[in-house]
Amino acid sequence: MPKYTAAKIEKKWQKYWETKKLYETADFDRDKRNFMVLVEFPYPSGDLHVGHWYAFAIPDIYVRYLRMNGFNVMYPIGFDAFGLPAENAAIQRDIHPRDWTKKNITKMSKQLRSMGAAFDWSREVSTIEPQYYKWTQWIFLQLYKAGLAYRAQTFVNWCPKDKTVLANEQVKEGRCDRCGTAVEQRELAQWMFKITSFADRLIDDLEDLDWPEATKLAQKNWIGRSEGAHIRFSVPGQAESHSIEVFTTRPDTIFGATFLVVSPELAQKWIDMGWQAGPDLKDYIARSFKKTELQRQEDVRDKTGISAGFNALNPMSEKEIPVWVADYVLGHYGTGAIMAVPAHDQRDFDFAKKYGLPIKEVILNEDDLKDEANENEGVLISSGQFDGMSSSEAKKKITQALKDKKAGEFQKNYRLHDWVLSRQRYWGVPIPMVNCPTCGYQPVPESELPVKLPPLKDFLPADDGRSPLAKATTWLKTKCPKCDGVAERETDTMDTFVDSSWYFLRYTDPHNDKDFASMEKMARWLPVPLYFGGAEHNTMHLLYSRFITKALRSQNLIDFSEPFLGRRNHGTVLGPDGHKMSKSKGNVVDPDPEVAAYGADAVRMYLAFLGPYNELNAPWKKEGLIGVARFLNRVWYFVHRHTDTKLKSADSQDIKVALNRAAKEIGSQIKQHKFNTGVSHLMKLLNELEDRAGDGRLSKEQYRALLKLIAPFAPHISEELWQTVLGHEGSIHLEPWPEIDESLLAEESVTLIIQVNGKLRDSITIKPGLSEAEARSIVLASDKIKKYLAGGEPKKFIYVQDKLANIVI
RNA sequence: GCCCGGGUGGUGGAAUGGUAUACACGCACGACUUAAAAUCGUGUGCCGCAAGGCAUGUGGGUCCGAGUCCCACCCCGGGCACCA
């Protein structure tokens with residue numbers, strides 16, 4: 001009997017599957033329903049780590065199960081290969097990002113193949129290939145034509161270390177998501193996507209998606225819709241156009257608005273437009289601009305500000321109130337100015353206390369305001385004709401009154417900002433625009449796409465906010481598509497999240513050179529029914545993809561408006577020390593040696609067994625891996641042992657029942673993505689088979705069934721046993737899941753639990769389906785129970801058929 | 001501060017309101033072996049000789065019955081955060 005040597009058989013079968021094109025998916029199969037299982041395509045960072053195995057090899061179990069259940073399953077893979085880390089790594093190693101990235105892709109492709117996953121490599125995409133990014137540029141142009149891509153001068157997040165602009169989503173706690181440097185605010189002209197124009201639908205359409213609630217909530221919070229009023233405070237002695245506009249969610253408290261606060265950004269805008277501000281004020285604005293977002297957040301407790309030196313008119317109370325400039329008001333939210341209601345807003349309260357500004361209560365409150373504002377809604381007081389109204393009623397009435405006075409109206413506001421997609425870095429997709437001195441920015445004609453990334457030698461980022469592409473002097477010079485005059489190409493590249501916002505579309509038609517994907521092929525596969533990935537993408541990739549999908553839909557370029565109908569997040573595998581794996585901690589597990597020693601099947605199955613897929617947060621333990629390898633070894637010998645002699649066809653009933661039940665159970669576990677309990681049921685099954693059939697009573701059909709149940713988890717060993725040992729021609733991975741005989745699922749006997757006052761006292765084996773009366777007489781006849789009853793009658797007898805009887809005494 | 005998750009043996013974890021601790025890992029003992037590894041078998045929540053009692057973060061509650069539902073609190077992880 002040969003030993004189980006995983007490394008040997010795994011290579012063999014991987015080659016076999018590839019030669020037979022076993023996992024290449026047809027666009028159409030008349031007998032099968034199409035189903036795409038999407039996983040987040042990897043970034044080619046260099047080496048495959050355990051996290052990749054977790055992300056790709058575990059969904060593969062589901063993929064294989066679907067295939068066995070008659071689906072035409074596409075399991076595509078590709079590389080998200082542009083981006084900063086590649087560039088930084090290339091700078092460090094003094095090689096070109098393209099060479100570094102390509103080398104990594106080659107290596108990782110090989111490592112990915114060692115998983116034995118059912119990837120369709122014929123559909124592989126790579127975002128750095130011109131035939132891919134041509135369409136990334138094309139999509140940009142469609143959005144530009146639709147007014148959804150635009151260039152604007154705004155305050156943006158600037159990472160001084162990476163020397164590039166960052167989207168809001170890429171700033172975490174005031175720091176660059178990539179390198180951790182404190183982010184600065186810079187006013188720069190940037191290309192933006194108008195994601196805010198879909199804000200409502202991005203929230204409302206979440207409802208119909210089969211996504212984790214946590215992800216939906218994260219997106220809702222991120223978009224941050226709030227409803228309130230947009231209100232104009234006129235400035236006495238100034239024209240209507242010089243009114244100060246504010247947004248508030250509490251128009252019911254407007255009678256308590258005792259001053260206005262304007263953000264430094266808005267004040268600066270006024271100065272630019274000719275407002276004569278004093279030197280102190282200018283100095284304050286300059287100082288607050290110097291603060292990083294981080295410092296600004298640290299100053300929460302101690303608010304600073306300065307009087308603007310003039311008043312505005314409260315349109316409801318018709319009293320003049322002072323205007324202040326303070327950086328606790330954000331320039332980028334709402335109108336950049338607020339009405340301050342210190343009695344009912346803690347921030348305004350702190351500010352009013354510090355600068356001695358009046359505090360006026362307009363919501364009835366039994367306690368005196370001491371150190372805190374009363375932020376609750378309630379009954380209005382000191383609010384003229386609105387006294388006695390509830391906040392919710394007053395919100396409507398006051399908004400209406402403002403509208404009548406032409407001083408305001410109902411408004412929704414969002415925390416979400418437009419997506420800044422310009423990056424001042426080399427390793428990305430060039431933005432297909434041309435800047436002409438006479439015509440301004442003009443789109444590159446579609447016929448000239450792709451605008452290829454020039455092969456620069458010096459691609460280092462610059463401090464001045466200009467992209468390295470500006471150094472490509474010959475590339476830079478072009479002619480204006482409109483006037484034919486001399487013009488320059490746009491030198492910014494796109495955020496890589498643009499590349500990854502549409503890759504799943506390309507999988508349906510990866511070699512199309514006339515279109516990003518044909519409507520017909522997209523219709524066969526999309527929207528994506530199921531997407532596995534990491535929770536870190538909740539408010540980035542997942543939100544961006546939804547936006548691009550909605551934008552393309554709005555231009556009738558696709559005919560669905562949500563990209564991913566189902567989404568499942570996976571958990572994380574920790575290092576053996578129980579901490580998150582990281583190079584600096586030195587606790588990163590390299591899967592390659594484990595695969596070499598125990599096999600891909602063992603690694604896959606161990607990861608599946610480790611814990612619930614969606615919430616795993618457990619350490620990698622070698623002992624656990626060995627445990628699973630031991631199980632596979634037992635499978636190996638179990639199947640071999642009984643083929644040494646001749647296979648017997650005797651169908652023992654209990655084995656048949658066990659296999660049938662396992663097929664049902666394991667199938668249902670996989671369907672629910674409970675891979676860990678799926679594995680445990682396989683183990684249970686083998687335990688039972690060994691106990692009952694140690695002497696070889698399984699029929700050939702029963703061995704077949706056993707291997708089929710193992711196949712999704714351990715595709716190599718099951719193939720080896722299927723073809724080499726059982727002698728089948730053709731792959732086990734083309735076989736259907738064992739048919740389930742419902743009639744065999746019924747139990748012949750069940751254990752009835754007997755409780756007295758809810759405590760377990762006895763258990764008996766009975767035939768299923770006993771009536772309450774039958775059960776009662778059996779239960780009360782039990783010696784153990786008689787002891788508790790002491791001759792008396794139970795007060796109550798609770799019977800759950802085939803499960804339990806509870807006697808209350 | 002607000003909003004989500006989650007606290008179960010020595011460890012990873014299992015459990016439609018109905019036998020808590022399945023399945024593994026680890027450990028102990030045993031078999032095989034000159035020996036070890038591998039493999040196989042038995043045991044393994046805690047207290048107790050036993051009968052029995054106590055255990056799912058803590059304290060209450062609902063229920064015949066609570067890991068599971070409700071209330072309060074503690075701890076851990078995550079998201080958002082001067083968002084008006």
Side-chain angles (χ1 to χ4, degrees), chain A residues 3 172-174 212-222 224-226 228 246-250 253 257 261 263 296-301 303 326-330 332-341 344-348 350-351 375 413-417 535-536 538-539 571-572 574 578 580 606 609-612 614-628 630-631 633-634 637 674 676-687 690 694 751-763 794-800 802-809:
Chain A
K3 260 183 80 176
K172 298 275 134 98
E173 290 173 351
E213 271 319 299
T215 303
K216 293 189 186 182
L217 269 162
Q219 292 210 350
K220 268 185 214 163
N221 290 341
W222 183 261
R225 175 163 65 193
S226 50
V246 306
F247 172 74
T248 180
T249 53
R250 293 295 301 272
T253 63
V261 188
S263 63
R296 211 164 143 155
Q297 281 170 20
E298 279 161 5
D299 291 344
V300 167
R301 300 255 160 255
K303 297 186 171 36
D327 66 6
Y328 81 90
V329 172
L330 305 175
H332 55 69
Y333 182 78
T335 60
I338 59 149
M339 65 174 206
V341 185
H344 306 294
D345 182 285
Q346 190 59 40
R347 295 155 299 184
D348 301 341
D350 294 341
F351 192 76
E375 297 191 337
N413 224 319
Y414 307 90
R415 214 193 63 93
L416 183 72
H417 299 182
E536 68 274 18
N538 280 352
T539 54
T572 41
L574 305 175
K580 206 172 163 172
Y606 167 59
F609 187 49
L610 202 50
N614 60 341
E615 57 187 49
L616 188 81
N617 196 36
W620 171 282
K621 296 273 185 204
K622 188 130 182 176
E623 295 81 9
L625 173 64
I626 293 172
V628 171
R630 208 176 281 165
F631 167 77
N633 220 34
R634 274 167 61 201
Y637 288 112
K674 289 172 148 186
N676 56 329
T677 50
V679 174
S680 80
H681 276 100
L682 272 181
M683 291 174 165
K684 259 192 208 167
L685 175 65
L686 185 66
N687 290 346
E690 284 184 335
T751 306
L752 186 75
I753 300 311
I754 306 176
Q755 298 181 333
V756 176
N757 288 341
K759 288 204 173 182
L760 176 71
R761 294 302 178 194
D762 198 4
S763 67
K795 268 193 210 143
K796 213 167 166 184
F797 184 86
I798 287 136
Y799 178 61
V800 182
D802 300 347
K803 278 228 167 107
L804 144 156
N806 188 13
I807 296 149
V808 186
I809 51 173

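Reminder, nothing fancy here: chain letters follow the sequence lines and each chain counts from 1.
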Using the 3.5 Å cut-off, write out each protein N or O paired with an N or O of nucleotides 62-68 of chain B and the distance between them.
| residue | atom | partner | partner atom | Å |
| --- | --- | --- | --- | --- |
| B:C64 | OP1 | A:K796 | NZ | 3.3 |
| B:C64 | O2' | A:N806 | ND2 | 3.2 |
| B:C64 | O2 | A:N806 | ND2 | 2.4 |

Collect all protein-nucleotide pairs involving nucleotides 24-28 of chain B in which both atoms are nitrogen or oxygen and the distance is under 3.5 Å.
| residue | atom | partner | partner atom | Å |
| --- | --- | --- | --- | --- |
| B:A24 | OP1 | A:N687 | OD1 | 3.4 |
| B:A24 | OP1 | A:N687 | ND2 | 2.6 |
| B:C25 | OP1 | A:R630 | NH1 | 2.8 |

Distances under 3.5 Å between nitrogen or oxygen atoms of protein and nucleotides 43-45 of chain B:
none

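Looking at the side chain of A:N676, the nearest of the listed nucleotides B:G13, B:G53, B:A84 is B:G13. Comparing B:G13, B:C82, B:C4 against the side chain of A:P612 picks out B:G13 as the nearest. Distances from the side chain of A:K674 to the nucleotides B:A15, B:A84, B:U19 place B:A15 closest. For A:F247, whose side chain is taken as the heavy atoms from C-beta onward, the closest listed nucleotide among B:C82, B:A84, B:G12 is B:A84.
When the C1' atom of B:C54 is taken as reference, atom NZ of A:K759 falls 9 Å away, rounded to whole Å. Put simply, CZ on A:R415 is 7 Å from P on B:C80, counting in whole angstrom units. Rounded to whole Å, the distance from CG on A:N538 to P on B:G5 is 14 Å. When rounded to the nearest whole Å, the span between CD1 of A:I753 and P of B:A15 equals 18 Å. Atoms CG (A:N221) and C1' (B:A81) sit 10 Å apart, rounded to a whole Å. Nucleotide B:C40 holds its P atom 12 Å from the CZ atom of A:F631, rounded to whole Å. Atom pair A:L760:CG and B:G53:P shows a separation of 11 Å (rounding to whole Å applied). Computed from coordinates, the A:R761 CZ to B:A51 P distance equals 13 Å when rounded to whole Å.
Pairing for B:G67 is absent, with no Watson-Crick or G-U wobble pair whose two atom distances lie under 3.5 Å. B:U62 is unpaired under the Watson-Crick or G-U wobble criterion, no partner having all donor-acceptor distances under 3.5 Å. Remark: B:G12 base-pairs with B:C23. Criterion, Watson-Crick or G-U wobble with two distances under 3.5 Å. Pairing of B:G45, defined by two Watson-Crick or G-U wobble distances under 3.5 Å, is identified with B:C54. Across every strand in view, B:C82 sits unpaired, with no contact that passes the Watson-Crick or G-U test at under 3.5 angstrom. Applying the Watson-Crick and G-U wobble criteria (two distances, each under 3.5 Å), B:G30 pairs with B:C40. Of the nucleotides present, B:C76 is the one that pairs with B:G5 by Watson-Crick or G-U wobble criteria, both distances under 3.5 Å.
Taking the syn range as angles within 90° of 0, the glycosidic angle of B:G9 is syn.
Closest heavy-atom contact between A:F247 and A:T335: N-OG1, 3.8 Å. Of all heavy-atom pairs spanning A:S763 and A:T751, the tightest one is CB-CG2, 3.9 Å.
Residue contacts for A:V246: at a heavy-atom cut-off of 4.0 Å it reaches no nucleic acid atom on any strand shown. Residue contacts for A:R225: at a heavy-atom cut-off of 4.0 Å it reaches no nucleic acid atom on any strand shown. Contact annotation for A:K795: no contact, since no heavy-atom pair falls under 4.0 Å across all strands.
Between A:T677 and B:A22 there is no side-chain polar atom (N or O) within less than 4.0 angstrom of OP1 or OP2. Within the 4.0 Å cut-off from OP1 or OP2 of B:A84, not a single side-chain nitrogen or oxygen of A:R250 is found.
Here the separation of B:C29 from B:C23, taken at their C1' atoms, is 23 Å to the nearest Å. B:A66 and B:G57 have their P atoms separated by 15 Å, with the value rounded to a whole Å. The P atoms of B:A51 and B:U58 are separated by 27 Å, rounded to the nearest whole Å. Taking atom C1' on both B:U44 and B:G9, the two are 10 Å apart, rounded to the nearest angstrom. B:G10 and B:G79 are spaced 34 Å apart, taking the C1' atom of each and rounding to whole Å. Taking atom C1' in both B:G1 and B:C54, the straight-line distance is 40 Å, to the nearest Å. Using atom C1' as the reference point in both B:U16 and B:A20, the two lie 16 Å apart (nearest Å). Taking the P atom of each, B:A15 and B:G65 are spaced 25 Å apart, rounded to whole Å.
From A:L682, atom CG reaches atom CZ of A:F631 across 5.0 Å, with rounding to the nearest 0.5 Å. For the atom pair A:D762 CG and A:I753 CD1, the distance stands at 9.0 Å (nearest 0.5 Å).
Side-chain contact between A:Y637 and A:K3 is present, with heavy atoms from C-beta onward closer than 4.5 Å. A:R634 places a side-chain heavy atom less than 4.5 Å from the side chain of A:N687. Proximity of A:L804 to A:Q755: side-chain heavy atoms (C-beta onward) are separated by under 4.5 Å at one or more points. For the pair A:N413 and A:Y333, the minimum side-chain heavy-atom distance is below 4.5 Å. Annotation: side chain of A:I338 is in contact with side chain of A:D348 (closest heavy-atom distance under 4.5 Å). Contact of the A:L574 side chain with the A:N617 side chain is registered, since non-hydrogen atoms from C-beta on lie closer than 4.5 Å. Counting heavy atoms from C-beta outward, A:K216 and A:Q219 have side chains that stay 4.5 Å or more apart.
Along RNA chain B, the nucleotide nearest A:I338 and the nucleotide nearest A:H681 are compared for position; the residue whose nucleotide lies closer to the 5' end is A:H681. Residue whose closest nucleotide on RNA chain B sits further toward the 5' end, between A:T248 and A:A618: A:A618.
Side-chain atoms of A:D345 do not come within 3.5 Å of backbone N or O of A:A340 as any donor-acceptor pair. When atom types are taken as modelled, the side chain of A:Y606 and the backbone of A:K622 share no donor-acceptor pair closer than 3.5 angstrom. Between the A:R250 side chain and the A:E375 main chain, a donor and an acceptor come within less than 3.5 Å of each other. A:N538 contributes a side-chain N or O that, together with a main-chain N or O of A:A535, makes up a donor-acceptor pair within less than 3.5 Å.
In terms of polar N and O atoms assigned as donor or acceptor, the side chain of A:K803 comes within less than 3.5 Å of the base of B:U16 in a complementary pairing.
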